[in-house]
Amino acid sequence: MISKTQPARVRFAPSPTGRTHLGSGRTALYNYLLARQTGGQFILRIEDTDRKRYVDGAEEELMEGLRWLGLSWDEGPDVGGPRGPYRQTERKEMYQKYARELIESDHAYYCFCTQRDDTLSAPEQHQQHRELCPTRDLPIAEADARIAAGETHVIRFKMPRGGSITVTDAIRGNIIVENSTLDDYVLVKSDGLPVYHLAVVIDDHLMEITHAIRTSEWLPTFPLHGHIYNAFGWEQPIWIHPSIFLKPDGKGKMSKRDTEALLAEGKSIFLGDFEKMGYLPEAVVNWAALIGWSFDDKTEFFILEDLIEKFSVEKLNPSPAAINFSKLDHFNGLHIRALSIDDLAERLRPFFERAGYTVDNAKKLHQVAEVLQIRLANLAEAPEKGGFFFKDEIHPEPESLIGKKLSANESLEMARHIQTLIQSLPDFSEDTANQPLRHLATKLGYKAGHVFSFLRNALTAQQVSPPVFETMTIIGREKVLERISNAIATLEEIARTSP
RNA sequence: GCCCCCAUCGUCUAGGGGACCAGGACGUAGCCCUUUCAAGGCUAAGACCGGAGUUCGAAUCUCCGUGGGGGCACCA
């Protein structure tokens with residue numbers, strides 16, 4: 001049982017090698033939740049030791065993504081902190097010092113082998129480095145001399161030949177691995193920078209990390225990390241390995257090709273894309289939290305504050321989970337509906353503006369938000385569903401103004417009656433306008449649907465729209481009458497040519 | 001090939017020996033509500049991978065299969 005009262009020091013440690021995935025977002029989220037729940041610290045550490053894969057701007061996008069989700073960190077490269085620096089390339093000297101310690105305690109050795117030895121036969125290529133390396137047991141003094149002479153080298157962990165190691169994951173229990181299946185992993189590269197395995201151990205130790213959350217991709221090298229801890233004689237954090245996300249069909253993890261295919265169908269798993277696709281950070285958080293974690297057998301709607309209170313490592317699910325975009329849409333709808341109208345209005349504003357509409361009337365925006373709220377699966381569809389509210393002129397399809405099974409002349413006649421009635425109405429509320437319009441339909445021998453359908457098309461130029469009365473109220477008397485007379489003009493035109 | 005992890009409806013999951021002829025959610029279908037679309041309400045179909053054990057009793061424990069996933073870099 002992981003204590004909720006002992007402050008947890010946790011870290012999210014991504015490498016700036018590309019765009020930030022939803023999976024990273026979830027890992028960051030779980031870390032954040034544990035820190036906030038226990039009153040501990042959430043640390044952001046940039047693992048940038050791979051200079052070849054470094055992508056400019058990735059760090060910025062990553063931070064933006066975390067901020068968008070609402071995950072704030074207490075220590076990190078931008079805000080600093082007592083255990084910095086928080087960028088691994090800035091910690092180079094520390095790693096070298098500790099690596100030397102490992103050499104001197106005979107847990108590691110200098111290796112001068114070339115990166116890929118083509119003189120090796122095929123079977124030898126598959127042999128463990130441990131069995132091949134000529135300098136594995138070279139005296140340190142001799143190795144130092146070769147290094148001083150400028151010979152390129154790496155530092156490798158000296159994996160025991162026999163025995164086994166037990167490492168413990170909080171959601172999977174003990175994992176026992178034979179050392180014979182492990183090899184002499186490189187710890188420090190020839191460029192002098194550590195590889196992940198060394199850096200993570202040293203950093204987590206020095207930063208006093210109490211819980212290390214990372215995905216199950218790290219399980220295969222988990223035993224190595226255990227060995228490194230043992231070599232240093234350090235106490236390990238509580239390890240937590242949630243499973244990775246699988247692509248929507250459940251067949252394997254997301255590849256570059258998959259993410260591109262997703263983009264092509266208007267979906268994305270990049271944190272940086274959700275906002276402009278109309279998703280609320282609240283929905284993404286809710287959705288991601290529930291992939292691989294659950295609270296109970298019925299509660300699914302959570303905001304960040306709920307999750308801080310309710311998250312528990314014990315309820316993490318060890319099996320891999322396929323992501324489900326329709327569930328994201330569902331959560332987005334729930335969170336849109338949970339927003340206050342004012343909040344929704346302000347979040348909608350940029351979407352209307354980006355679509356080219358001028359939104360200078362706050363009251364109108366508020367009304368539009370109110371009427372759109374239950375009709376939106378995401379914010380991005382607002383202009384398409386409610387753009388007509390902001391247009392000066394609309395152009396309904398002429399055919400759409402003709403009632404079902406009615407002639408143009410009949411429709412025209414009905415439209416004129418509607419116009420007269422609307423003009424005489426004190427206002428457009430459902431209470432005052434509904435019955436008169438229905439009576440009108442009955443009196444003329446049409447269906448109520450004919451009347452409403454005409455109004456809908458005349459006022460919105462859409463077959464599908466918010467309810468007519470609310471729409472009329474928002475559009476306003478002047479515009480309503482203008483659009484009706486425009487529609488009548490169109491009908492007159494049609495009636496002239498094909499009555 | 002070798003190593004590791006995992007295994008309940010199509011998907012996400014509840015379940016930690018009897019409360020389960022297995023509950024919830026998404027999606028799907030139908031119905032209700034209704035001026036369209038939604039939202040909401042109701043209903044339906046839909047799963048314990050297989051085989052041995054352990055036990056009075058197993059979705060739950062053990063083992064073996066099988067299946068799925070991950071990893072085998074001087075990447076993280």
Side-chain angles (χ1 to χ4, degrees), chain A residues 13-18 47-54 88 111 113-116 126 152-156 167 169 171-172 175-178 180-183 185-197 199-200 214-223 241 243-244 246 248-253 287 290-301 314-315 317-331 333-334 337 371-377 385 430 434 437-438 441 447-457 460 462-469 471:
Chain A
S15 30
T17 53
E47 311 222 325
D48 57 350
T49 53
D50 186 347
R51 305 318 291 167
K52 292 196 264 306
R53 290 204 306 154
Y54 183 83
Q88 288 186 328
C111 169
C113 299
T114 51
Q115 238 173 89
R116 195 177 263 112
H126 289 286
T152 63
H153 62 281
V154 298
I155 296 175
R156 285 178 182 272
V167 283
D169 171 72
I171 58 184
R172 295 158 211 271
I175 297 167
I176 306 166
V177 178
E178 295 295 324
S180 62
T181 67
L182 272 13
D183 200 4
Y185 293 88
V186 168
L187 260 26
V188 177
K189 298 178 276 181
S190 53
D191 66 2
L193 284 166
V195 296
Y196 172 85
H197 310 303
V200 73
R214 53 149 57 159
T215 53
S216 60
E217 291 163 292
W218 294 108
L219 248 18
T221 46
F222 187 17
H241 296 92
S243 272
I244 57 156
L246 266 24
D249 64 8
K251 298 191 194 309
K253 67 172 182 177
W287 179 50
L290 255 20
I291 307 176
W293 177 83
S294 63
F295 176 64
D296 62 14
D297 62 342
K298 44 181 73 73
T299 322
E300 287 209 320
F301 181 87
E314 287 74 23
K315 303 221 70 177
N317 194 319
S319 42
I323 60 176
N324 181 342
F325 283 97
S326 61
K327 197 127 188 179
L328 169 60
D329 288 333
H330 171 248
F331 279 124
L334 291 182
R337 276 168 254 137
V371 81
L372 246 28
Q373 187 168 42
I374 59 169
R375 282 166 246 275
L376 255 27
K385 290 197 167 168
E430 177 136 17
N434 195 352
L437 278 167
R438 284 173 185 280
K447 290 183 173 153
H450 282 131
V451 172
F452 291 118
S453 178
F454 166 77
L455 280 171
R456 170 164 294 111
N457 282 288
T460 72
Q462 292 176 186
Q463 312 274 12
V464 170
S465 83
V468 165
F469 299 116
T471 299

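Naming: A, B, ... by sequence-line order, numbering from 1 per chain. What you see is a predicted model, and the numbers here were worked out from it, not measured in a lab.
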Exercise. Between B:C4, B:G27, B:G70, which nucleotide gets closest to the side-chain atoms of A:Pro220?
Worked result: B:G70

Seminar exercise, completed: Any strand, both distances under 3.5 Å, Watson-Crick or G-U wobble: B:U34 pairs with none

Problem set entry | Selected nucleotide, minimal atom distance to A:Glu47 side chain, candidates B:C26, B:A76, B:A38 | B:A76

For this session: Tell me what A:Lys385 touches on the nucleic acid: a base, only sugar-phosphate, or nothing, going by heavy atoms under 4.0 Å.
Result: nothing

Exercise. Checking all strands, does A:Lys52 fall into the base, sugar-phosphate, or nothing category for heavy-atom contacts under 4.0 angstrom?
Worked result: sugar-phosphate

Distances under 3.5 Å between nitrogen or oxygen atoms of protein and nucleotides 11-14 of chain B:
from	atom 1	to	atom 2	distance (Å)
B:C12	OP1	A:Ala322	N	2.9
B:C12	O2'	A:Leu290	O	2.8
B:U13	OP1	A:Gly292	N	2.7
B:U13	O3'	A:Ser294	OG	3.2
B:A14	OP1	A:Ser294	OG	3.1

Exercise. Given B:C5, B:A38, B:C75, which nucleotide is nearest the side-chain atoms of A:Ile374?
Worked result: B:A38

For this session: Could you tell me whether A:Val195 contacts a base, only the sugar-phosphate backbone, or nothing, with contacts defined as non-hydrogen atoms closer than 4.0 Å?
Result: sugar-phosphate

Exercise. Just checking A:Phe469: base, sugar-phosphate only, or nothing, at a heavy-atom cut-off of under 4.0 Å?
Worked result: base

Exercise. Counting side-chain heavy atoms from C-beta on, which of B:G70, B:U36, B:C74 comes nearest to A:Lys253?
Worked result: B:G70

Exercise. Counting any heavy atom closer than 4.0 Å, what does A:Pro14 reach on the DNA or RNA strands: base, sugar-phosphate only, or nothing?
Worked result: nothing

Seminar exercise, completed: Of the listed B:C74, B:G24, B:A38, the closest approach to the A:Arg156 side chain comes from B:C74

Exercise. Does the side chain of A:Glu217 come under 3.5 Å of the side chain of A:Thr215 through a donor N or O and an acceptor N or O?
Worked result: yes

For this session: With sequence neighbours left out, write down each residue that passes side-chain hydrogen bond (donor to acceptor under 3.5 Å, both in side chains) with A:Ser326, or none if nothing qualifies.
Result: A:Asn324

Problem set entry | Per-nucleotide protein contact string for nucleotides 59-67 of chain B (B base, S sugar-phosphate only, - none; heavy atom under 4.0 Å) | ---------

For this session: For nucleotides 40-51 of chain B, just jot down a letter per nucleotide in 5' to 3' order: B, S or -, based on protein non-hydrogen atoms under 4.0 Å.
Result: S-----------

Exercise. Taking the six-membered ring for Trp, are A:Phe452 and A:Phe469 ring centroids under 6.0 Å apart?
Worked result: yes

Exercise. Can you list the residues that meet the side chain to side chain contact (heavy atoms under 4.5 Å, CB included) rule with A:Arg53, with sequence neighbours excluded?
Worked result: A:Thr17, A:Asp50

For this session: Would you mind classifying the nucleic acid contact of A:Val154 as base, sugar-phosphate or nothing, using non-hydrogen atoms under 4.0 angstrom?
Result: base

Exercise. At under 4.0 Å between heavy atoms, what does A:Arg172 touch on the DNA or RNA strands: base, sugar-phosphate, or nothing?
Worked result: sugar-phosphate

For this session: For A:Pro318, answer base if it contacts any base atom (sugar-phosphate contacts may also be present), sugar-phosphate if it contacts only those atoms, and nothing otherwise; contact means non-hydrogen atoms under 4.0 Å.
Result: sugar-phosphate

Exercise. Using a cut-off of 4.0 Å on non-hydrogen atoms, how would the nucleic acid contact of A:Thr49 be classed: base, sugar-phosphate, or nothing?
Worked result: sugar-phosphate

Exercise. Quick one: side-chain hydrogen bond (donor to acceptor under 3.5 Å, both in side chains) partners of A:Lys447, sequence neighbours excluded?
Worked result: none

Exercise. Base, sugar-phosphate, or nothing: which does A:Gly252 touch, judged by heavy atoms less than 4.0 Å apart?
Worked result: sugar-phosphate

Exercise. B:C61 pairs with which nucleotide, Watson-Crick or G-U wobble, both distances below 3.5 Å?
Worked result: B:G53

Exercise. Which part of the nucleic acid, if any, lies within contact of A:Thr181, taking any heavy atom under 4.0 Å across all strands shown: a base, the sugar-phosphate backbone alone, or nothing?
Worked result: sugar-phosphate

For this session: Check every strand shown and say whether A:Ser326 touches a base, only sugar-phosphate, or nothing at a heavy-atom separation below 4.0 Å.
Result: sugar-phosphate

